[in-house]
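Every heavy atom of this structure was used, including side-chain atoms; hydrogens, water molecules and symmetry mates were not.
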Amino acid sequence: MIIPRRVCQIRPGRVIFSGIQPTGIPHLGNYLGALSNWVKLQKSAEPEDKLLFSIVGWHALTLPQDPAALLTARNDMLAVLLAIGIDPNRSILFHQDHNPHHTELSWILSCIAPMGKLRRMTTWKSRLAAARNSSSEDEVDESMLNAGLFMYPVLQAADVLVYKATHVPVGDDQQQHIELTRDLADIFNRTFKGTSPLFPLPTYVNTPSKRILSLKDPTSKMSKSSPDVQSRILLTDNASQIQSKIRAAVTDSIQGITYDPQGRPGTSNLLTILAACTDSDVTRVAKDYESQGHGTLKRDVAEAVEEFLKGPRAQFNRIRHETTYLEEVARRGAIRAIEHSEVTMKEVKTRLGLASAVV
């Protein structure tokens, strides 16, 4: 099935859904990727648009988790989203596991999901490789795969369809999951017919983001799973820590500064970071530094990153300790989310022939 592709052009009256796993404090790559795009979508959305942003705790369980660490990570991710500018009055911000309709619809969809389509989903390999800090997906195989990780694309489809989302902003690595979501929506609509199709076929929204690489290994993405803490910049890093990590970033011995991601990945990564933090074009930034050395570039990158992060960092450090406020945001978000999904699930059960519970 061909997925209609849109580049951040959301028409009024649409329902926009996206989720993020509670993996703790985000690094610079996370912030410049999905998180900043959520804020941009919130700012550009029309008043008639509905926006739902979820912390997807059920998805986190597809890999081993420490319960205490997961609880902290869930709260920290909620605080992060509030700190970077997600407005809980404008957007529905909630924990996925606070709404049982996600898992309920996931089971229903799993009963119509063709195994052949699920076997073509390959992202479980990259998730296992990242969790094990493997250098290649070839180092993992199905002997390491649990049923939850194999089936999580179905849960992801339920996350989207339970709100009848029409637009889903995700990275390119998730595009095949949106294709599966559309397939499952179409199968349900054709199998359990009504006067009109129940589920819209959601549109994949390409959200361009900067690919930020490891400061110590610029051939791979910046990652929280890397054992080298110097490889990443966290939202909570202070100015001194940022300066130290940027100063130690891997570059090369070539004179002058040029943007060449293939030939000079380390130098190009620093230019990408500087351009992203200053909302500039990377080729113009490279031109400005062509006669400079790495010392000057690293100094300016560190200053730009600190300027970019200091506001959200201060907000996060304040909000993360406001337990009552976080609980209230999560509670109100869950209520609003359930109000939407409850309507969908009643329609789903009616078409399936399942009676709604008598209260």
Side-chain angles (χ1 to χ4, degrees), residues 3-21 34-59 77-78 80-82 84-106 108-109 155-171 174-175 177-178 181-182 184-186 188-189 194 196-207 326 328-350:
I3 303 175
R5 186 182 178 99
R6 302 288 185 270
V7 183
C8 286
Q9 293 179 344
I10 310 297
R11 292 181 292 170
R14 295 312 194 232
V15 180
I16 306 161
F17 176 90
S18 195
I20 188 168
Q21 290 201 38
L35 298 182
S36 62
N37 278 317
W38 284 11
V39 177
K40 291 176 183 176
L41 283 170
Q42 180 179 260
K43 290 179 178 178
S44 63
E46 297 292 336
E48 298 83 3
D49 292 331
K50 293 185 177 68
L51 298 97
L52 300 101
F53 298 125
S54 182
I55 300 162
V56 290
W58 290 125
H59 287 289
M77 185 55 73
L78 179 58
V80 164
L81 295 176
L82 294 167
I84 66 171
I86 297 299
D87 179 358
N89 295 312
R90 174 62 184 94
S91 301
I92 300 175
L93 180 59
F94 68 105
H95 289 290
Q96 173 203 37
D97 50 277
H98 284 178
N99 184 356
H101 292 150
H102 287 250
T103 48
E104 187 176 12
L105 182 58
S106 179
I108 292 169
L109 295 178
L155 176 57
Q156 193 174 54
D159 296 337
V160 173
L161 297 179
V162 79
Y163 301 106
K164 296 186 179 180
T166 58
H167 293 77
V168 186
V170 292
Q174 296 294 311
Q175 186 171 352
H177 291 176
I178 304 305
T181 300
R182 290 172 57 86
L184 293 179
D186 183 58
F188 187 96
N189 290 340
S196 61
L198 177 58
F199 294 119
L201 305 188
T203 298
Y204 160 67
V205 180
N206 181 32
T207 51
L326 291 174
E328 179 61 17
V329 168
R331 187 188 69 82
R332 286 192 287 111
I335 290 172
R336 295 173 66 195
I338 290 172
E339 285 176 353
H340 283 75
S341 61
E342 191 169 35
V343 175
T344 302
M345 291 310 299
K346 285 181 179 178
E347 294 175 314
V348 167
K349 290 181 177 181
T350 296

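Side-chain contact check for Glu347 versus Thr350: every heavy-atom pair is 4.5 Å or farther apart. Using a 4.5 Å cut-off on side-chain heavy atoms (C-beta onward), Lys50 and His340 make contact. By the 4.5 Å heavy-atom criterion applied to side chains, Arg332 and Leu93 are not counted as neighbours. Put simply, the side chain of Val56 reaches to within 4.5 Å of the side chain of Gln21, judged on heavy atoms. The shortest distance between side-chain heavy atoms of Leu35 and Val80 falls below 4.5 Å.
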I'd like to know whether Tyr204 forms a side-chain contact (heavy atoms from CB on, under 4.5 Å) with Val170, so could you lay out the CA-CA distance, the side-chain angles of the two residues, the decisive distance to 0.1 Å, and finally the verdict.
CA-CA 7 Å; Tyr204 160 67; Val170 292; 3.6 Å; yes

Chi angles and distances behind the side-chain contact (heavy atoms from CB on, under 4.5 Å) call for Ile55, Leu78:
CA-CA 7 Å; Ile55 300 162; Leu78 179 58; 3.7 Å; yes

Using the side-chain contact (heavy atoms from CB on, under 4.5 Å) rule, take Ile92 and Phe94 through it: C-alpha gap first, then chi angles, then the decisive distance, then the call.
CA-CA 6 Å; Ile92 300 175; Phe94 68 105; 3.9 Å; yes

Give the C-alpha distance, both sets of side-chain angles, the deciding distance and a yes or no for side chain to side chain donor-acceptor pair (under 3.5 Å) between Asp97 and His95.
CA-CA 5 Å; Asp97 50 277; His95 289 290; 4.7 Å; no

Report the C-alpha separation of Val348 and Phe199 in whole Å, then their side-chain angles, then the decisive distance to 0.1 Å, and conclude whether the side-chain contact (heavy atoms from CB on, under 4.5 Å) test is met.
CA-CA 10 Å; Val348 167; Phe199 294 119; 3.7 Å; yes

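Val162 approaches Thr344 most closely through the heavy-atom pair O-OG1, 2.9 Å. The two atoms that bring Asn99 and Ser341 nearest to each other are ND2-OG, 2.9 Å, heavy atoms only. When all heavy atoms are compared, the tightest approach of Thr181 to Pro202 is CG2-CG, 3.7 Å. Nearest approach of Val39 to Ile84, heavy atoms of both residues: CG2-O, 3.6 Å. Phe17 approaches Pro169 most closely through the heavy-atom pair O-CD, 3.3 Å. Scanning both residues, Gly13 and Asp49, for their nearest heavy atoms gives N-OD1, 2.9 Å.
The salt bridge (Lys or Arg N to Asp or Glu O under 4.0 Å) check on Arg90 picks up nothing, with sequence neighbours excluded.
The existence of a salt bridge linking Glu339 and Arg336 is excluded, since no basic side-chain nitrogen approaches an acidic carboxylate oxygen closer than 4.0 Å.
Taking the centre of each ring, Tyr163 and Phe53 stay at or above the 6.0 Å mark.
Neither side chain, Asp87 nor Gln42, offers a donor N or O lying under 3.5 Å from an acceptor on the other. A side-chain N or O of Trp38 and one of Ser18 form a donor-acceptor pair less than 3.5 Å apart. Between Asp159 and Ser54, the side chains place no donor N or O within less than 3.5 Å of an acceptor N or O (distance only, hydrogens not considered).
Between atom CG of residue Leu184 and atom CG of residue Leu109 there is a gap of 5.5 Å, rounded to the nearest 0.5 Å. Remark: Met77 CE to Leu82 CG distance equals 11.5 Å, nearest 0.5 Å. The CG atom of Leu198 sits 9.0 Å away from atom CG of Leu161, with the distance rounded to the nearest 0.5 Å. The distance from the OG atom of Ser106 to the NE2 atom of His101 is 14.0 Å, given to the nearest 0.5 Å. Atoms CG and OG, from Leu52 and Ser91 in turn, are 8.0 Å apart once rounded to the nearest 0.5 Å. Interatomic distance, CD1 of Ile108 versus CD of Glu104, reported as 5.5 Å (0.5 Å rounding).
When atom types are taken as modelled, the side chain of Asp186 and the backbone of Arg182 share no donor-acceptor pair closer than 3.5 angstrom.
If you run side chain to side chain donor-acceptor pair (under 3.5 Å) between Gln156 and each of His59, His177, His102, only His177 comes through.
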